[in-house]
Amino acid sequence: MRLRILSCLLLLAVCFDAAAVDLYTAINRLRAGEGNCAVAGRLPPLKPQAALERVARDLARGDQLQQSLNAAGYRATRSRALSITGDGVGTQAAGMLAKQSYCQHLQDAAMTEVGIYLDARQLWIVMAAPFAPSVGVSEQAAGQRVLDLVNQARATPRYCGNRAFNSARPVRWNDSLAEASQVHSEDMARYNYFSHSGRDGSDPAQRVERAGYRYRSIGENIAAGQMKPEDAVAGWIKSPEHCANLMNPAFTEMGVAFAVDPRSEMGVYWTQAFGMPR
């Protein structure tokens with residue numbers, strides 16, 4: 001009898017696993033606009049993700065969403081959990097999800113991955129957008145855009161905190177300053193820190209000297225988390241110290257670079273070096 005009961009339980013578990021697989025197909029059909037879920041534009045299907053399946057299972061056991069995401073090692077920029085509970089949900093889940101009240105959640109365009117947990121009385125669906133930092137343009141394009149924005153800012157008098165600056169002449173691009181910026185950005189991204197001091201104790205002046213730049217004056221701006229050149233420059237303008245570097249009439253050249261590492265806290269790290277050559 002005991003063996004028979006165990007066999008029945010194993011068979012039930014297999015049935016629920018198969019039903020969960022079918023639900024992934026059903027969810028993506030609803031996401032695409034089938035049934036009551038009309039959609040204005042085409043949405044990519046949600047990709048099943050094992051880590052989100054673990055999260056869904058933990059939610060069924062009473063855990064909180066963010067706590068479960070952290071425990072599964074899944075880093076999300078956005079996430080959402082849907083649940084349906086009650087007798088028979090295991091066999092009726094697909095039909096229940098076809099109700100219009102679930103459509104707007106299943107069709108959230110920001111979500112790209114999904115995990116499901118299903119048993120006799122519970123259905124949990126976890127959707128998320130994984131943390132995937134990207135600047136979206138080439139290093140060359142980002143550098144040119146920052147240079148243009150910096151020179152636009154320098155063309156207008158402004159206050160950096162309480163300090164007034166007149167308009168300043170435009171700066172020109174310098175490859176050595178860009179090289180020093182690249183090295184520091186990559187180091188911050190790889191080793192997950194944010195500082196003007198390098199891991200080896202180097203300061204901005206030492207880093208530009210290593211890149212072969214001989215200077216009369218030097219300055220450095222850093223930023224982290226910004227996915228666009230426009231956002232990086234806007235952040236520097238809002239910061240009194242970084243703004244003062246950007247508006248400093250003594251500087252005649254600049255270089256800038258970013259580095260991306262999804263394992264780091266901020267994802268994207270920027271370094272901007274200013275200088276006046278000897």
Side-chain angles (χ1 to χ4, degrees), residues 77 131-190 193-198 203-205 207-262 264-277:
T77 55
F131 180 66
S134 174
V135 173
V137 296
S138 68
E139 293 178 5
Q140 182 178 2
Q144 184 61 55
R145 182 59 176 153
V146 171
L147 179 64
D148 291 343
L149 291 170
V150 165
N151 284 330
Q152 289 176 22
R154 286 170 67 90
T156 304
R158 70 183 64 249
Y159 277 91
C160 296
N162 295 324
R163 187 177 174 186
F165 283 84
N166 295 321
S167 59
R169 285 182 154 186
V171 291
R172 59 183 176 270
W173 185 263
N174 181 275
D175 286 337
S176 295
L177 293 177
E179 179 184 341
S181 298
Q182 187 69 58
V183 169
H184 191 52
S185 292
E186 289 178 351
D187 199 58
M188 289 192 293
R190 181 178 180 181
Y193 73 96
F194 183 66
S195 174
H196 288 287
S197 177
D203 59 28
R207 288 192 289 272
V208 300
E209 285 181 333
R210 290 173 186 171
Y213 190 80
R214 299 295 176 258
Y215 64 90
R216 293 180 181 177
S217 58
I218 197 75
E220 182 182 81
N221 288 345
I222 56 175
Q226 296 85 352
M227 305 294 178
K228 297 179 181 179
E230 293 83 356
D231 294 336
V233 175
W236 287 327
I237 291 174
K238 290 180 181 178
S239 167
E241 292 183 359
H242 293 90
C243 175
N245 276 339
L246 189 147
M247 294 298 296
N248 191 333
F251 296 142
T252 59
E253 299 179 329
M254 66 150 275
V256 68
F258 66 86
V260 179
D261 192 324
S264 64
E265 181 179 358
M266 300 305 293
V268 180
Y269 292 78
W270 299 80
T271 304
Q272 179 183 44
F274 288 100
M276 173 187 283

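Remember, predicted model here, so these are calculated numbers, not experimental data.
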4.5 Å side-chain heavy-atom contact, R169 and T252: no

Min side-chain heavy-atom separation V137-R145 under 4.5 Å: no

Within the 3.5 Å criterion, strictly below it, is a donor on [X] or [Y] matched to an acceptor on the partner's side chain?
X    : Y    : value
Y193 : D187 : yes
S185 : T271 : yes
Q152 : D148 : no

Given Q182, R207, Q272, E253, the one that forms side chain to side chain contact (heavy atoms under 4.5 Å, CB included) with L177: E253

Has the side chain of [X] got a donor or acceptor atom that lies under 3.5 Å from a matching backbone atom of [Y]?
X    : Y    : value
R172 : M254 : no
N174 : G255 : no
Q140 : S138 : no
H184 : A257 : no
R216 : M276 : no
N151 : V171 : yes

Gap separating the NE2 atom of H196 from the CG atom of N221, nearest 0.5 angstrom: 7.0 Å

Nearest-0.5 Å distance, CG of residue N248 to OG of residue S217: 6.5 Å

Parallel, tilted or perpendicular: ring planes of F258 versus W270, cut at 30 and 60 degrees: tilted

Plane angle bin for H242 and W236 - parallel if under 30°, tilted between 30 and 60°, otherwise perpendicular: parallel

In terms of heavy-atom contacts, does [atom1] of [X] have more than 12 from other residues, nucleotides or ligands at under 6.0 Å?
X    : atom1 : answer
F194 : CZ    : yes
E241 : CD    : no
R190 : CZ    : no

side-chain contact (heavy atoms from CB on, under 4.5 Å) between M188 and I222, intermediate numbers included: CA-CA 10 Å; M188 289 192 293; I222 56 175; 4.1 Å; yes

Trace of the side-chain contact (heavy atoms from CB on, under 4.5 Å) decision for C243 with R158: CA-CA 9 Å; C243 175; R158 70 183 64 249; 3.9 Å; yes

